Structure formats: structure tokens, C-alpha cells
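Reminder, nothing fancy here: chain letters follow the sequence lines and each chain counts from 1. Remember, predicted model here, so these are calculated numbers, not experimental data.
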Amino acid sequence: MQFTLNGREVDVAAHPMRRLLDVLREDCELTGTKEGCGEGECGACTVLIDGQAVVSCLVPFAQVDGRDVRTIEGADAQALQRAFMDHVGAQCGICTPGMIMAAMSLGPDPTRKQMQEALAGNLCRCTGYEAIYRAIGEAKRANRRTPLGVESIG
Amino acid sequence: MRSVVSTLELRRPRSIREALTMLRDDGPFVPLAGATDLYVALNFGTLTATRFLDLWPLEPLRRVEMRGDVLSLGALVTYTSLTRSRLVTQRLPMLVDAARLVGGVQIQNRGTIGGNIANGSPAGDTLPVFAAADAVVVARSASTERRIPFVELYSGYRTTVLRPDELIVAVEVPALHGGQWFRKVGTRAAQAISKIVIAAIDGDAPRVALGSVGPVVVRARRAEQALAAGQGIDAAVAALQTEISPIDDVRSTAEYRRVVAGNLLREFWTRATGRPRPDA
Ligand SMILES: Cc1cc2nc3c(=O)[nH]c(=O)nc-3n(C[C@H](O)[C@H](O)[C@H](O)COP(=O)(O)OP(=O)(O)OC[C@H]3O[C@@H](n4cnc5c(N)ncnc54)[C@H](O)[C@@H]3O)c2cc1C
Ligand code: FES
Ligand code: FES
């Protein structure tokens, strides 16, 4: 199966019905994408396909044929990652890669409501979400002040 | 994951015609769209089917267009594309309201209307919308195309009149007059399967449909007639109670659903009668 993975053309041989999540973790050795629930509920396994957030535990591998897949390893999300550290937006950390991938779709200076909607499919058992919203708010503001934002996903 | 995938087969047709030919000549296959229902079952290990047909690359099934006065929605149209569509926002705003409340963003980006309809869960959020709108399901096989009125699609709990060699290719929605209204009652705003869901259209001939109050979506004809005949909302709520058959399950109880169904009808009618009629 040929597709673009974190900006590089790749050709990965794997069974077409395997979950994208498993192919990424086991065949592509990209273990940043986590499995939480395995039923689409928690968002820990969120990656971007053609720029759209999806849960990779519910994507048959065949369906990334010719598409553009972006995982946390290639997200180029330093501003978000730093803000998550600064605001303790990550505690145990299992939800964090998915949170950051889901947050990538937000524009600059998102409102609280926009953040809640973008992250509605991402569960966190540790932080109570407040620190996550603060982190994203700051990263997206900082990003706006930096014309050459580090978050462009190409 | 609790399923072994190495024994599963996936066919990848390049056109709708090729898909239909595969279904006719080599079937049966289970159609695979956004996989947000099927892969939950795969993860649980409850999927018994072993042969699948991938519809996802079939771009013509993503069209949203007007055919004369009819709004045609391709089977692969996702919740996200519904909320972004100007046509759907203008013609069928209650479907946009329904789409915004499905799952979270990740599910909205992948879940399709064809999947929601074919899956046939009585809690499927788009089902009452299509039932109230008098929508028509376009089912195609290699040799025929049928137009099935949405209210005749389900033959029982999660079963449809679709034949194994047929695909849903589109849903057609006629022009609607009157205000549209959608409400979903669940445990929280996001990622919650409905305890009860209602779609309704006001006007001289009000139309009301409810989900999660029976084995299949219910078009509440008796309640509609009571409202149209001016018998008042109490009579309409009483009529509604005779046409729903909710059960106790993990999400709610039969009693709760009966009370809330009545309350939702009242809320709809209060809004409908408090607003100037479109023809007034
Ligand atoms: C976390 C989560 C939250 C969810 N929240 C909601 C919710 O709030 N409301 C709601 O209604 N649903 C919800 N769902 C269920 C699901 O997302 C929807 O039912 C969705 O619309 C299914 O579409 P799909 O394309 O993913 O279907 P798939 O899983 O690909 O297919 C579902 C069924 O439809 C059949 N099928 C698909 N396309 C066709 C076609 N064109 N012709 C014939 N048969 C076809 C398949 O064979 C299968 O039986 C949720 C699911 C998850 C995992
Ligand atoms: S592991 Fe995919 S959504 Fe939870
Ligand atoms: S930090 Fe532990 S689940 Fe979010």
C-alpha cells in the first residue's frame, strides 16, 4: 500500500483489514499513537488523514491507500507540545498524542467552545481538561504571534 | 483487538459498477464505508462476516446535489461534509443539527449516512430526520435501481429490505415546507448514543419521527393527525404513546423514554405554534 506518512512516500505491505493503528505501531514502528479503548470512544489513537482527525483504531489499513497520514511523530507541533509541558496538560500522558493531533485542526485563538468541540472525541482521565484548554489556548496564541509558525502541517 | 484479520478478505472495486458486479458474481460481501460501526464490532470480536467490499474510494458516492427539486445525498457523505454543505444547511438544516451531535470530530470525519442507515440501529441519529422528511433511499444492484420510501426500509430490528446484491447509493429528500426541528437526548453532548431522538417539521401537515422508542425508527402518524386536526397537544401526546414501544436498556428505561417522548412533542409544538407560519 502506497501512501504518504509524515511527509514521506512509503510503501507498506500489510493486510488490508488490519487497523491503521496496528500498522503504524507494529510495522512502521511509530509507537507515539496510543491505543486506549479500541472502540472509537477515547481518541488516544487520533491521527490525521488528508488533514482530518480520525481514530486509527477504526480505520482499515486499505483505506489509507494514496492518502496523506500524519502521526504525532510528524506533527510538527512543538508549540503545542511545549505548552502541554508548561501547563501540565499531560499527567499520565496516554491521551496526549491524540489530544495534540485533534488540537491541530483548530485555527488561531480558538474559543473555549471551539476547543471543547474539537476535543469532544478525546477523553482524559487525569487532567480534568482545564490544563489542556489552557495549553492549547496559549500555543495557538503564541503561534499567531509567530508568522513562521512551527505548526504548519504542510 | 479480539479479531484475527488474516482470515478476512477485502475487495477494492474502482467504480460503483465494478462493486455491483462483484456483489452479483462473487458475493455475498459486507459493504465497508467509514467503518465506525463495523470496526467497533471487529475490535470486539463480534463480527461474524469474513468478506468485505470497500466503498471508501468510490468518489461519486460523495456527491451532494440538487436533482430538480430533490436534494440528493450520496451514501458516502460524512457528517463533516453535511455540516459544511451550504445546500444541506439551506434545505435540510435538521440534518446538519443531527450531524453536529454525532460522536466527536473523529467520528464525524469518517461516519457516513449510508452506514448510519444500513446499520439500522434504532438509535441512529439521522434516521428520524430521513423518516420525517419523507426521504427515499436509492438502492442499486447490477441490474436494477429501486427507490425505497425511507419509512419502508426497515423490516425489523436492524434489518432492512435491501437485498444482498444491492448498495445504497443515495438518499433523496424532497422539498420541505415548514420549520425543521431536531433534538437528541443523551447522557452528554458528545460521543453519546441517544436515549431518545426526534425530528419534526411544522406547518399544516406536521411530521414527526422518533428514534430509540421502538425496534425501528417511528414515524408518529397518529400524533401528526391529532396535531393537524387541531385536537390539541394533549391528544397528540396520548396518540404518540399508542405508537411507540420503548424498552429498558443500558442507556435508559421505557418509562423515561415515554415521558421524554411526550415532552419533546410538546416542546416541538410550543415552538411551532409560537412562530409565524411560513404561509401566513
Ligand atoms: C465513538 C462512536 C460514536 C458514535 N456516535 C454516534 C452518534 O452519536 N449517533 C449515531 O447515529 N451513530 C453514532 N455512531 C455510529 C456510527 O458512527 C454511525 O452509525 C455511522 O454513520 C456509520 O457509518 P460508517 O460509514 O462508519 O459505517 P460502516 O461501519 O462502514 O458500516 C455500517 C453498516 O452499514 C453497511 N453499509 C455502509 N454503507 C453502505 C451502503 N452504501 N450500502 C449498503 N450498506 C452499507 C455496512 O455493511 C455495515 O453493516 C458512533 C460510533 C462510534 C464508534
Ligand atoms: S483507541 Fe481508538 S478511540 Fe480509543
Ligand atoms: S493525562 Fe492521563 S489520560 Fe490524559
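Contact annotation for L38(B): neither backbone nor side-chain heavy atoms come within less than 4.5 Å of a heavy atom of chain A. Interface remark: L119(A) contributes no atoms to any contact with chain B (heavy atom separation under 4.5 Å). There is no contact between C37(A) and chain B, counting heavy-atom distances below 4.5 Å. If you measure heavy-atom distances from L8(B) to chain A, the contacts under 4.5 Å come from both the backbone and the side chain.
Counting non-hydrogen atoms of neighbouring residues, nucleotides and ligands closer than 6.0 angstrom, the CZ atom of R17(B) reaches no more than 12 such neighbours. The local environment of CZ in R82(A) is sparse, with at most 12 non-hydrogen atoms from other residues, nucleotides or ligands closer than 6.0 Å. Other residues, nucleotides and ligands contribute only 12 or fewer heavy atoms inside 6.0 Å of the CZ atom of R86(B). Other residues, nucleotides and ligands place more than 12 heavy atoms under 6.0 Å from the CZ atom of R51(B). More than 12 heavy atoms of other residues, nucleotides or ligands shown are found within 6.0 angstrom of CD on Q90(B).
Closest heavy-atom contact between Y39(B) and M17(A): OH-O, 2.6 Å. Here the closest heavy-atom approach between residue G43(A) and residue Q106(B) is recorded as CA-NE2, 4.2 Å.
At a threshold of 4.5 Å between non-hydrogen side-chain atoms, the residues L10(B) and H15(A) do not count as touching. Proximity of V105(B) to E117(A): side-chain heavy atoms (C-beta onward) are nowhere separated by under 4.5 Å. P57(B) is not listed as a side-chain neighbour of D65(A), based on a closest heavy-atom distance of 4.5 Å or more.
Within the 3.5 Å criterion, the main-chain N or O of V54(A) finds no donor-acceptor partner in the side chain of N109(B).
Top candidate by heavy-atom pairs under 4.5 Å with chain B, chosen from V55(A), L21(A), V59(A), is V59(A). By number of non-hydrogen pairs under 4.5 angstrom with chain B, the leading residue of D22(A), L58(A), N122(A), T46(A) is L58(A).
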Subject >> side chain to side chain donor-acceptor pair (under 3.5 Å) between Q63(A) and R12(B), intermediate numbers included >> reply: CA-CA 10 Å; Q63(A) 293 186 349; R12(B) 309 203 69 214; over 6 Å; no
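When each of R19(A), E35(A), E39(A) is paired with N43(B), the side chain to side chain donor-acceptor pair (under 3.5 Å) condition holds for R19(A) and for no other.
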